J.: 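Quick one: this structure, given as structure tokens, is what I'll be asking you about.
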Amino acid sequence: MDSAEFHAAVYEMVRQIPAQRVTSYGHIAKLIGMPRHSRHVGQALKFLSGDGIETVPWHRVVSASGAISSRGPGTDGAQRQREELEAEGVEVVIGRTGEMRVDLRTWGWFPASV
DNA sequence: ATGGTGACGACGG
DNA sequence: TCCGTCGCCACCA
């Protein structure tokens with residue numbers, strides 16, 4: 001499986017996440033049969049553009065702790081993700097240090113397979 | 001070749 | 001629960 005196929009597999013799986021539910025990078029990795037590639041799932045989503053950005057619900061993927069990955073200081077990716085989630089009704093809580101997270105016990109979607 | 005770098009995760013204190 | 005640390009793996013300078 002080359003990187004193009006990996007990206008395609010990730011996008012296909014992310015499309016399976018129901019509205020108003022979220023899952024983790026690591027879980028997507030498990031579902032496509034590559035459990036140790038959670039970091040690469042993030043890379044695949046990072047490279048989304050054009051039609052992909054419209055058809056892949058990338059905002060429904062967060063870290064295993066429920067935190068929305070920051071993408072580094074000075075970037076607005078995390079904020080955009082928060083807006084997308086709240087727009088479809090998912091509650092995002094803000095911690096003391098300003099970090100954003102989703103309660104996985106309420107919104108989490110972790111099926112053993114699809 | 002080689003060391004650094006992520007939209008990460010498991011584990012231990 | 002909150003951290004620090006370590007493992008992970010494709011890419012890139």
Side-chain angles (χ1 to χ4, degrees):
Chain A
M1 165 176 269
D2 61 23
S3 78
E5 295 174 318
F6 178 82
H7 283 199
V10 168
Y11 300 153
E12 181 182 353
M13 195 56 71
V14 172
R15 273 192 270 259
Q16 309 305 310
I17 306 173
Q20 299 187 316
R21 294 322 257 332
V22 299
T23 191
S24 69
Y25 297 97
H27 196 69
I28 291 295
K30 289 177 187 171
L31 291 176
I32 65 175
M34 305 204 71
R36 290 169 270 175
H37 294 242
S38 53
R39 306 187 90 120
H40 302 291
V41 170
Q43 284 303 305
L45 296 183
K46 179 179 182 180
F47 295 138
L48 270 177
S49 62
D51 54 323
I53 199 82
E54 297 297 322
T55 60
V56 179
W58 55 272
H59 57 282
R60 296 180 190 147
V61 185
V62 298
S63 75
S65 63
I68 294 179
S69 305
S70 103
R71 281 91 154 169
T75 60
D76 65 336
Q79 186 60 33
R80 294 209 325 279
Q81 182 167 5
R82 174 196 176 184
E83 292 166 5
E84 292 283 346
L85 286 171
E86 294 185 330
E88 69 175 28
V90 174
E91 183 178 8
V92 178
V93 297
I94 310 299
R96 291 184 296 289
T97 57
E99 87 275 6
M100 302 179 270
R101 29 173 68 264
V102 174
D103 185 348
L104 296 182
R105 290 173 303 182
T106 302
W107 311 100
W109 181 79
F110 299 96
S113 69
V114 291

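Everything numeric here is computed off the predicted structure, so don't read it as measured data. Lettering of chains follows the sequences in order, A, B, ..., and the numbering in each one begins at 1.
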J.: Mind running side-chain contact (heavy atoms from CB on, under 4.5 Å) on Met100(A) and Gln81(A) for me, showing each step along the way?
T.: CA-CA 10 Å; Met100(A) 302 179 270; Gln81(A) 182 167 5; over 6 Å; no
J.: Tabulate below the donor-acceptor pairs under 3.5 Å that side-chain atoms of residues 88-97 of chain A make, not counting sequence neighbours, or state none.
T.:
unit_1	atom_1	unit_2	atom_2	d
Glu88(A)	OE1	His59(A)	NE2	3.3
Glu88(A)	OE1	Arg60(A)	NE	3.4
Glu88(A)	OE1	Arg60(A)	NH2	2.9
Glu88(A)	OE2	Gln20(A)	N	3.0
Glu88(A)	OE2	Arg60(A)	NE	3.1
Thr97(A)	OG1	Glu99(A)	OE1	2.3

J.: Enter the distance from Leu85(A):CG to Glu83(A):CD here, rounded to the nearest 0.5 Å.
T.: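 The CG atom of Leu85(A) sits 10.5 Å away from the CD atom of Glu83(A).
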J.: Would you please enumerate the stems DNA chain B participates in, each stem being three or more consecutive Watson-Crick or G-U wobble pairs with both distances under 3.5 Å?
T.: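 DNA chain B forms these stems: B:2-6 with C:9-13, B:8-13 with C:2-7.
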J.: Can you sort out which residues in residues 9-20 of chain A have a heavy atom within less than 4.0 Å of DNA chain B? Ascending by number, please.
T.: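 Those residues: none at all.
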J.: Cluster question for you: counting only ILVMFWY and a side-chain heavy-atom cut-off of under 4.5 Å, with indirect links fine, are Ile68(A) and Trp58(A) together?
T.: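 No, no single cluster joins them.
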J.: Got a sec, which residues hit salt bridge (Lys or Arg N to Asp or Glu O under 4.0 Å) with Arg82(A), two or more places apart in sequence or on another chain?
T.: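 In terms of salt bridge (Lys or Arg N to Asp or Glu O under 4.0 Å), with neighbours along the sequence ignored, Arg82(A) is linked to Glu86(A).
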J.: Tell me whether Phe6(A) shares a hydrophobic cluster with Met13(A), the cluster being built from Ile, Leu, Val, Met, Phe, Trp, Tyr side chains joined at under 4.5 Å.
T.: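 Linked within one cluster.
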J.: For a quick test of your reading: what N or O donor-acceptor pairs under 3.5 Å do the side chains of residues 28-52 of chain A make, sequence neighbours left out?
T.:
none

J.: Going 5' to 3' along nucleotides 3-13 of chain B, which nucleotides have protein heavy atoms under 4.0 Å from the base (write B), which only from the sugar-phosphate (write S), and which from neither (write -)?
T.: ---BBBS----
J.: With salt bridge (Lys or Arg N to Asp or Glu O under 4.0 Å) as the rule and sequence neighbours excluded, what pairs involving residues 105-114 of chain A come up?
T.: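 The answer is Asp103(A)-Arg105(A).
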J.: Does anything in residues 97-114 of chain A come within less than 4.0 Å of DNA chain B? Heavy atoms only, and list the residues if so.
T.: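 Nucleic-acid contacts, sorted: none.
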J.: What are the two closest heavy atoms between His27(A) and Pro111(A), and how far apart are they?
T.: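 Shortest heavy-atom separation between His27(A) and Pro111(A) comes out as NE2-O, 2.7 Å.
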J.: If Ile, Leu, Val, Met, Phe, Trp and Tyr residues are connected whenever their side-chain heavy atoms lie under 4.5 Å apart, and connections chain through other members, are Val114(A) and Tyr25(A) in the same group?
T.: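 Yes, one cluster joins them.
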J.: Got a sec, which residues hit salt bridge (Lys or Arg N to Asp or Glu O under 4.0 Å) with Asp2(A), two or more places apart in sequence or on another chain?
T.: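 Applying salt bridge (Lys or Arg N to Asp or Glu O under 4.0 Å) to Asp2(A) gives none.
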J.: Can you name the residues that form a side chain to side chain contact (heavy atoms under 4.5 Å, CB included) with Ala67(A), not counting sequence neighbours?
T.: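 Only Ser63(A), Ser65(A), Arg101(A) meet the side chain to side chain contact (heavy atoms under 4.5 Å, CB included) criterion with Ala67(A).
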J.: Going by side chain to side chain contact (heavy atoms under 4.5 Å, CB included), name the residues that satisfy it together with Leu104(A), two or more places apart in sequence or in a different chain.
T.: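 Partners of Leu104(A) under the side chain to side chain contact (heavy atoms under 4.5 Å, CB included) test: Val22(A), Val62(A), Phe110(A).
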J.: Could you tell me from which nucleotide to which nucleotide of DNA chain C, 5' to 3', there is an atom under 4.0 Å from chain A heavy atoms?
T.: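 The protein-touched segment is dG7(C) to dC11(C).
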J.: Report yes or no: does Glu12(A) contribute a side-chain atom to a donor-acceptor pair with the main-chain N or O of His7(A) at less than 3.5 Å?
T.: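 Judged by distance alone, no pair lies under 3.5 Å.
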J.: So, Ser69(A) side chain and Arg71(A) main chain: donor-acceptor pair closer than 3.5 Å or not?
T.: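 Pair absent, no side-chain N/O of Ser69(A) close to backbone of Arg71(A).
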